[in-house]
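Comments concern the structure below.
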Amino acid sequence: MNAPTRRRILVTSALPYANGQIHLGHLVEYIQTDIFVRFQKLRGHEAVYLCADDTHGTAIMIRARAEGRSERELIAAMREDHLADFAGFRIEFDHYGSTDSDANRRLCGEIWRSLRDKGLVVSRDVKQLFDPKAGVFLADRFVRGTCPRCKAADQYGDACEKCNATYSPADLVDPVSTLSGATPEIRSAEHLFVQLEPMQGFLREWTKDSGALDPRISNYLTGHFLGEPLRDWDISRPAPYFGFEIPDAPGHYWYVWFDAPVGYIAATDEWSAAQGGSWKAWWHRGGTNEPAAEIHHFIGKDITYFHTLFWPAMLEAAGLALPTKVRIHGFLTVNGEKMSKSRGTFLLARTYLDHLDPACLRYYYAAKLSGDIDDIDLNLEDFAAKVNSDLVGKVVNLASRTARWLEGTGLSETYPDDGGLFAQGALDGAEIAAAYDDCDFARAMRLVMAAADRANAYVDAEQPWKLAKAGPESAEKLREVATVALNLFRQIVVYLTPVLPDLAAETGALVGGPILSWEESRHPLTGVPVAPFKPLARRVEAPQLEALVAASKPATPPSPLSPPSNLPSSGNASVTTDPAEPLAAEPLAPQCTIDDFAKVDLRVARILAAEEVPEAKKLLKLTVSLGGEERRTVFAGIKGFHDPAALEGRLVVVVANLAPRQMKFGLSEGMVVAASGAGATGVYLLSPDSGALPGMRLH
RNA sequence: GGCAGCGUAGCUCAGUUGGUUAGAGCACCGGCUUCAUAAGCCGGGUGUCGCCGGUUCAAGUCCGGCCGCUGCUACCA
């Protein structure tokens, strides 16, 4: 790659809110972005992938209060979870920051100063409902009451679900704060606004002509917002509010949507500082930012206007670089419908990782993402079929069926005649790269699979297994055929490296060393050793999917009058402490030493099969895997509490060195660890965090 | 209500500036192969391209209307 063509590309994903766990909908974006960045790096460009937790706002404040801990404790815990989930899916950030950082506070101040200097900030009073008991102003959705039009009870503060009337929360009959149950009162408070109308001309031009936006998006913006006067943007919230206090307006805090996008720059700042550089080399116009960096924001369509109106307006006012591309994707549906907790299709990243390989989802998303704004559907049956036939049946199978013939000899010393297959594959590289660069990963995957089809047809035509049986005189020919097949395989893997980094690493270990450059797709390897073949991918089995769905269903159906969505749906939401009964019912055992503990070998295991034992009252017969070929039969006293079908595929903890015990129904070779007691009837299996693998020991 | 997008084989989707008998993968059926993680190869489609109408020598592709689905509709994150 020539120096002048080396691009500087700054890439961001939208900042996940610190109020919830990462789910498979989020992952559409992070996987899409990660693939894009890995591709650019593989091509030799200087690409930087930045993200951060979005930590501020009322929802965080309320939740922390409900959980009886500080906001910073809450966001620190959530950050751990987010990072673990991202790592599990091989999302590789160059830096992952937080909007609650010194850098962000400072940069918000700088941009704020620019807005002030340009005279864009104005202030006026806003009437809002106030909860006198909780001491906070209430967003519409924190107020419920009787609809003023149709008198339906228990409606939200902005609209009636029964008669579709819209109104102000102040119009509600008998309004109630969902936070405290108190009757809210109307209070007036000063808010600060950013005037956008003076930026109208700039925005109209930028949305249409900058090339940053798909024409569909710029049309939408032109039709909806641009063309009539832009309303002022309410950018402040009165105390109490979890966020940054505005330096020149004590008692006022920046609204979370002000400091969230600045988090992109703050992350750049922290990353640059660690490299000994400056964020200005990416965000300034001209000067140190030369040649100008490209800035690519990946976002979901729900936050379009924040990134296409407010954000460019802020950057323009501050004289900073504008986004090169705002890449907008659609939502995820599961089995054709919105993700649903009751259907078991609200799939958390962590739950997925407990049951399936992240590579499968990365590939499936890649095969679906065409770079446009349409929603994509995760159809679980299709998912299994696609992953199994493409990844296992076509790609990995190529190596699986030929590598072993090269273990002793390595690749041929010169590249044999392959009828032009490798050259064809190398030629396709340009088209595949163009598809990646355009975020049309679906097209890239189709092209790659076509190459895999050609390679499999080649193997079939050459029939190496017959050469293997034919004896020594065919040995050289066999080596040549296998050399071709393995080179075609590796070429395909180079193209898949952005999507499947683990497969790329394992392929490198099999033959040729780490895959570091897209250029490796252009030249076949010769004369290098081939390591013993190890399985590179596992098939997706139906029981795993069933277990994933089962594990995603709520333990108890949600109550029809469940609280508003940003109260946590799980965990200890209440300020009251946990009951004392469980501990009291079974007091602590005598103290033991670390050596005592070490005698018990606890291992992560995967339940491969679970079946009823009809004659038994409490037992299920489980077959568990400790990784590799290690299998155990374990009888577990959990019948009636767990549906056998739902157990298959999930990870549990077993006592792996327990002496086998002959039971009435067979030999039990271990014990599955579960919590119970205190008069409660349930038996609760333990699940490791995402990322754990069968065979790992608990320390 | 308004606006936008989508609606192509059982499923998931391609279909470039309108141009010959509308394609791929999976599923399914038949045959071959048996090296490989029940993997591979060959062959098999009479689909009203949501419905109706229009423009055109020619429309899945352009225009209008209708139906269905989805999303958006700034102080909601």
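This is a predicted model, so every value here is computed, not measured. The chains referred to below are lettered A, B, ... by the order of the sequence lines, with proteins before strands, and numbering in each begins at 1.
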If only side-chain N and O atoms count, and only distance matters, is there a donor-acceptor pair under 3.5 Å linking [Y] with [X]?
X	Y	value
H329(A)	Q32(A)	no
H191(A)	D125(A)	no
E541(A)	Q544(A)	no
H297(A)	W311(A)	yes
D100(A)	T55(A)	no

Nucleotide [N], atom [atom2] - distance to [atom1] of [X] in whole Å:
X	N	atom1	atom2	answer
Y255(A)	C75(B)	OH	P	8 Å
N19(A)	A77(B)	CG	P	11 Å
R446(A)	G25(B)	CZ	P	12 Å
H56(A)	A77(B)	NE2	C1'	15 Å
D372(A)	U70(B)	CG	C1'	14 Å
M61(A)	A77(B)	CE	P	12 Å
D460(A)	G43(B)	CG	P	12 Å
R231(A)	C76(B)	CZ	P	12 Å

**Study point:** Base-pair map of RNA chain B as dot-bracket, where | denotes pairing with a different strand and pairs are Watson-Crick or G-U under 3.5 Å
**Key:** (((((((..((((.....[...)))).(((((.......))))).....(((((..]....))))))))))))....

Exercise for review: Could you check K301(A) against D375(A) for salt bridge (Lys or Arg N to Asp or Glu O under 4.0 Å), going step by step and ending with a plain yes or no?
Suggested key: CA-CA 9 Å; K301(A) 61 185 182 183; D375(A) 291 351; 2.9 Å; yes

Practice item. Can you sort out which residues in residues 303-310 of chain A have a heavy atom within less than 4.0 Å of RNA chain B? Ascending by number, please. Key: Y305(A), F306(A), F310(A)

Check your understanding: Should the pair D460(A)-R401(A) be classified as a salt bridge under the 4.0 Å nitrogen-to-oxygen rule?
Key -> yes

Check your understanding: Picking from A77(B), C35(B), G25(B), which would you name as closest to the side chain of D390(A)?
Key -> G25(B)

Point to revise | Whole-angstrom distance between C11(B) and U16(B), as gauged at atom C1' | key: 26 Å

Exercise for review: Mind telling me whether F310(A) and W233(A) have parallel, tilted or perpendicular rings, with 30° and 60° as the class edges?
Suggested key: parallel

